[in-house]
Each structure stands twice: as structure tokens, then as C-alpha cells.
Amino acid sequence: MLVLPPQLTAPFPSLHVTHFPTHTHSHSLRHHHHALPPPHSAANSVTFSSPKPIILEEGPDDVLSLQSRRYDFTPLLQFLSDSDPNSDSDSAPPTSLDSTEFQLAESYRAVPAPLWHALLKSLCASSSSINLAYGVVSWLQKHNLCFSYELLYSILINALGRTEKLYEAFLLSQRQTLTPLTYNALIGACARNGDIEKALNLMSRMRRDGYQPDFVNYSSIIQYLTRSNRVDSPILQKLYSEIESDKIEMDGHLMNDIILGFSKAGDPTRALSFLAMAQSNGLNPKPSTLAAVILALGNSGRTQEAEALFEEIRENGLEPRTRAYNALLKGYVKTGSLKDAEFVVSEMEKAGIRPDEQTYSLLVDAYAHAGRWESARIVLKEMEASNVQPNSFVYSRILAGYRDKGQWQKSFQVLKDMKSSGVKPDRHFYNVMIDTFGKYNCLDHAMATFEKMLLEGIQPDTVTWNTLIDCHCKSGRHDKAEELFQEMQQRGFSPCITTYNIMINCMGEQQRWEQVSEYLSKMQCQGLLPNSITYTTLVDVYGKSGRFSDAIECLEVLKSTGFKPTSAMYNALINAYAQKVCTLFCGVYL
């Protein structure tokens, strides 16, 4: 029996679809007029509780006398719910049928494909009715009632991907030969669920089957990486090399995704290169993407280029919005150019663009880094005058300023001022506070802050756990770091790539090589791919321990996967060699 979802139990619902037929189907509709299910009557009307009734309207030229006819799918859904699933699993055309199923199949012979698609999408709207959707597709294929079965399977695969049932999507894909449409659906489902490795493997398999991936495949992967902050420059470079080898002509969307990806990955050089390529092809990236490039340039200290791009936006007749101003402002704040930061805010106000919370926060940050605490307090008063309520983030920037200046003792005063202003500390503020105490080896204060955070009902996140684990590792309290790593998982938090990188470094410093391998295996079993920091960490710990062959092997493994080792990796290895030589020289000299 197919398992019925709760909303599809007796009395069984009916789904009615009003259809305005095209000329293509009008003849077959008239020919099979006698075979259609009876029109819907008010006496047995039941609402399909999951989606709204689907009304498919076609062109006004095609409105014929049958435009008011409704197809009642209740008999089919009831039949499938009562059927043996084994009988529906075989989609081959039957050699014989009992009269009931034969009449049912004939009654739906005239239903056009778009209406089957609409029914299927309705069933897929709820995860509880996907089993029934399986039955519909198998039954249609079994009786040759609908063409383009690859589209039907794609609808199911997309639905499974949306409900995070990736394994079921793969099982479903095995029911028929994969086509470009079903490949695209699977790749999109993998990208949506964060399984990038499977998505890339599918694209390789797609090529082996003689199909070429298109720009949609790459866009879905890059978009996921960007949204989840898992994007880094080597991954994007590898994807772009595949785009070139596939000879894919990039459209505006894919080019925009690549520019945004490199910007978010902190690689403004490549972001600018692709921006120039896009502009030379007459493509215009989104304003938010341009703001991301400006931000990446500012974060890299390349404020002149950021300002030039900002002015370019103006020259093209576009008025920069708050996000672009904030991106430029952040660059000046990062480089400590206080006068330029003040000028940006002044220009922003002249342009009639009101500063938002981030603008004020960045300005507070600039003053805090310059040690002008009184100016920072004046900005807080300006915020109140502009009806922009200071939030926890603003105070966290002040706290970060004290931290970076080595004045960690003022953390308590910031917390006191914050509460007196009626602003409650949030998770981000406490994360900065824990990081402040951790940087200055005040581990008792860090743990006390963590406990206070929990008492106030504020749940930690991976940043909280990573900060606590990292500060204990750096202080040599490796046992406590491992204990926190276990507690993190016991409380239901999954370690991220950063967590594993910290633990790999922690084990490597103790030369516990079995544990290093164990953490690498756990990370990959969790579906997390090693990134550039992982390999840099491995090269560093192997090199410092004199395991130069292992360090070089890491570099070779990295290159074999298509990535180029970064300068940080080579520097780590060179430093390790230098320290080893220095140690040997000192030993001989002494």
C-alpha cells in the first residue's frame, strides 16, 4: 500500500483543474469526451488541503466550449492509495488489465501533460504526499498517459531536494536513464543541500554520458558556496577552469555569481578581472555585487581601487546606495583612514542617503581604533538623534576596539554602559567578549562569560564554540579543548570546517598524528571538504615536527585535486625548514 499523508485520508480529497485546451489537444478531448471522469458536483466537493486548486489558463485564442470542464483526480489518487506498491513499481506498459484499471486509464487518456505536471507539483508541495507523487508518475508511465517523463521525474527530484531528501532523490533517479533534465535536477538538489562533491561528481558523469553541463549547474553550485560562506578562491578557480573546458558561454547571471563568489572569497584581484570581462561583453553585474567587490578591495587595504570602482558606479549614472557607501567606509576603517571614513559619511548625507546601523557601527569602529572614545560616544548620541537605536553590534565594535588595543579590562565597562542604555547583549557581543578574554589568556573570564551567556538564554553558535576551543588550544590546555569539542557535539552543534582545522592544529602541535588522521576522516565523513586553511595547517604542523615528506605529500595531494598551493602553504614549509636548520646550526655551534 502507498502510505497516505494525514491530509489525504478519507474522505479522500479531490483535486480539480480547470483546463483551457490548446488546439493540439482539442480533437482528442472531443474524441474521448465519453471517457472523461464526471464533472465535479457540489454534493461530493472536498477541498485538497495541501495546495490551492490548480487552474491552468492557456491563451485566449484557445478558449473553447470545454473551458469549464474540470478533471477530477480523486478516483486516480484513491486507486493508487489502495494499490499494491509492487504493482506500481514496474513502469512497463501492462500486457493485461482488469476492467476497473482499464476504464480508469481510459478516463484520463485526454488529460494534457501540463495538467499532470500541475497535479504532480501539488502533491510534491508537501513532503508527506511525495509517496503518492511517486505512484502517479509510475502509473502514468505504465499506461503511456503522459509524455516527457524526464520532466515528471525532475519535478519529483526537485521536490525531494527542497525537503532535504537527497538520498531518496538519488534512488528515484535510478528508475530511468538520466537525461540532461534529470541531471540538472539532481545537481541542483545536491547544491541546495550542500553536497558539492556529489554535484561535481554528477557533472563528471554527465560528461561521460555525452551531455554537457550548462551555466545553470555552475550557478547553483557557486550560489550555494557563496550563501553558506564555504566559498574560497581555489574552488572557484577550479570551477571556472571546468567552465572553460566545457566551452560554456557565460550569461549575466553566471558572471555575476563568479564575481560575487571571488569577492566573498576575499580575492578582489580575480573579482576585478571577471568584472572587466563582464563589462567588455556588455554585461552589468548587480549593484550588490559591485558593493561586494568594493568591500573585498577595502578589506584588502586597496582603498584607492575601491574608491575608483565607487566613482565608476556614479559615472555610469547609478546612484550608489547605502550598501556601497558602507563597503567603501569599511575599507577606510580597516586601513585606519579616519578622515576618509568621516568624508564618506559626509558625502553619504549630502547625497540624501541616511546612514543605517552599519554606517554608524563602522564609524564607531573607526573612532575606537583611533582611541577616540569620546567621539565614539558622540556617534552613539547621533544615532539616537536620528532615531537609529544603538544595538548590541555597535557596542561589540567598541569592545573589539578595546580588544585590539590590548585594553581588555575595559570589557566590563562596555558591558555596564550597554546595559545602562537598555541594550541587551546578544550572541555576537558575547562572542567578541569571549574572544577578547581568550586573546589575553584570561580563560576563566572567557568561561564565565560563556556560562553567563547560557544563563541569559542565549544559545551559542559554532563561532562561540570555535573561539572557546581555539583559545584553550593556544594556551596549551589541549585536554580542555577536546572536552569542549565533545561538549559542542553533545549539545547538538555540528563542527564546521573551522572547528576541525583548530582540532587538527591542536593534535599536530602535540604530534598526535593518529588523531590528526582521525579528525580528517571525521571531517570528510561529515561531507566537509578540506580547504586551503586545512592544507596550510597540515603543512605547518608536519613541517614544525620535521615530517617534511608528509608536508610535501599534502602539497602534492592538493595539486592532484586541481588546486594550486597558496603562498601561505609554501611560507609555512619554508619557515619549518628554516627553524629546523637554525636548530641544527645552534646545536652544532653550542
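For the numbers below, each heavy atom of this structure counts, side chains included, while hydrogens, waters and symmetry mates do not.
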With a 4.5 Å heavy-atom cut-off, do [X] and [Y] have their side chains touching?
| X | Y | answer |
| --- | --- | --- |
| Leu454 | Arg491 | yes |
| Arg302 | Leu272 | yes |
| Thr534 | Leu520 | yes |
| Leu275 | Leu290 | yes |
| Val541 | Val516 | no |
| Phe274 | Met255 | yes |

Rounded to the nearest 0.5 Å, what's the gap from [atom1] on [X] to [atom2] on [Y]? Could you check?
| X | Y | atom1 | atom2 | result |
| --- | --- | --- | --- | --- |
| Phe262 | Ile222 | CZ | CD1 | 8.0 Å |
| Met418 | Asp426 | CE | CG | 6.0 Å |
| Glu249 | Leu254 | CD | CG | 11.0 Å |
| Lys410 | Tyr402 | NZ | OH | 4.5 Å |
| Ile502 | Lys474 | CD1 | NZ | 8.0 Å |
| Thr269 | Leu297 | OG1 | CG | 8.0 Å |

If you measure only the distance, is there a donor-acceptor pair under 3.5 Å linking the side chains of [X] and [Y]?
| X | Y | result |
| --- | --- | --- |
| Asp257 | Ser219 | yes |
| Asp470 | Thr467 | no |
| Thr537 | Asn501 | no |
| Asp461 | Thr464 | yes |
| Asn256 | Thr289 | yes |

Identify, with sequence neighbours excluded, every residue that meets side-chain hydrogen bond (donor to acceptor under 3.5 Å, both in side chains) alongside His445.
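If we apply the side-chain hydrogen bond (donor to acceptor under 3.5 Å, both in side chains) test to His445, skipping adjacent residues, there are no hits.
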Pair Gln237-Ser233, side chain to side chain donor-acceptor pair (under 3.5 Å): steps then yes or no
CA-CA 6 Å; Gln237 291 175 55; Ser233 189; 3.0 Å; yes
What pairs meet the salt bridge (Lys or Arg N to Asp or Glu O under 4.0 Å) rule with one or both residues in residues 262-290, with sequence neighbours excluded?
Asp267-Arg270
Can you name the one residue among Gln526, Glu518, Gln524 that meets side chain to side chain donor-acceptor pair (under 3.5 Å) with Lys522?
Glu518
Kindly indicate, with the supporting measurements, whether the criterion side chain to side chain contact (heavy atoms under 4.5 Å, CB included) is fulfilled by Asn326 and Thr322.
CA-CA 6 Å; Asn326 287 345; Thr322 307; 3.5 Å; yes
Begin from the C-alpha positions of Lys339 and Glu342 and carry the test salt bridge (charged side-chain N to carboxylate O under 4.0 Å, His left out) through to its verdict.
CA-CA 5 Å; Lys339 287 186 178 180; Glu342 291 175 326; over 6 Å; no
Under the criterion ring-ring contact (aromatic ring centres under 6.0 Å, His included), I'd like the reasoning laid out for Phe437 against Phe412: C-alpha separation, chi angles, the key distance, then a yes or no.
CA-CA 11 Å; Phe437 290 133; Phe412 304 105; 5.5 Å; yes
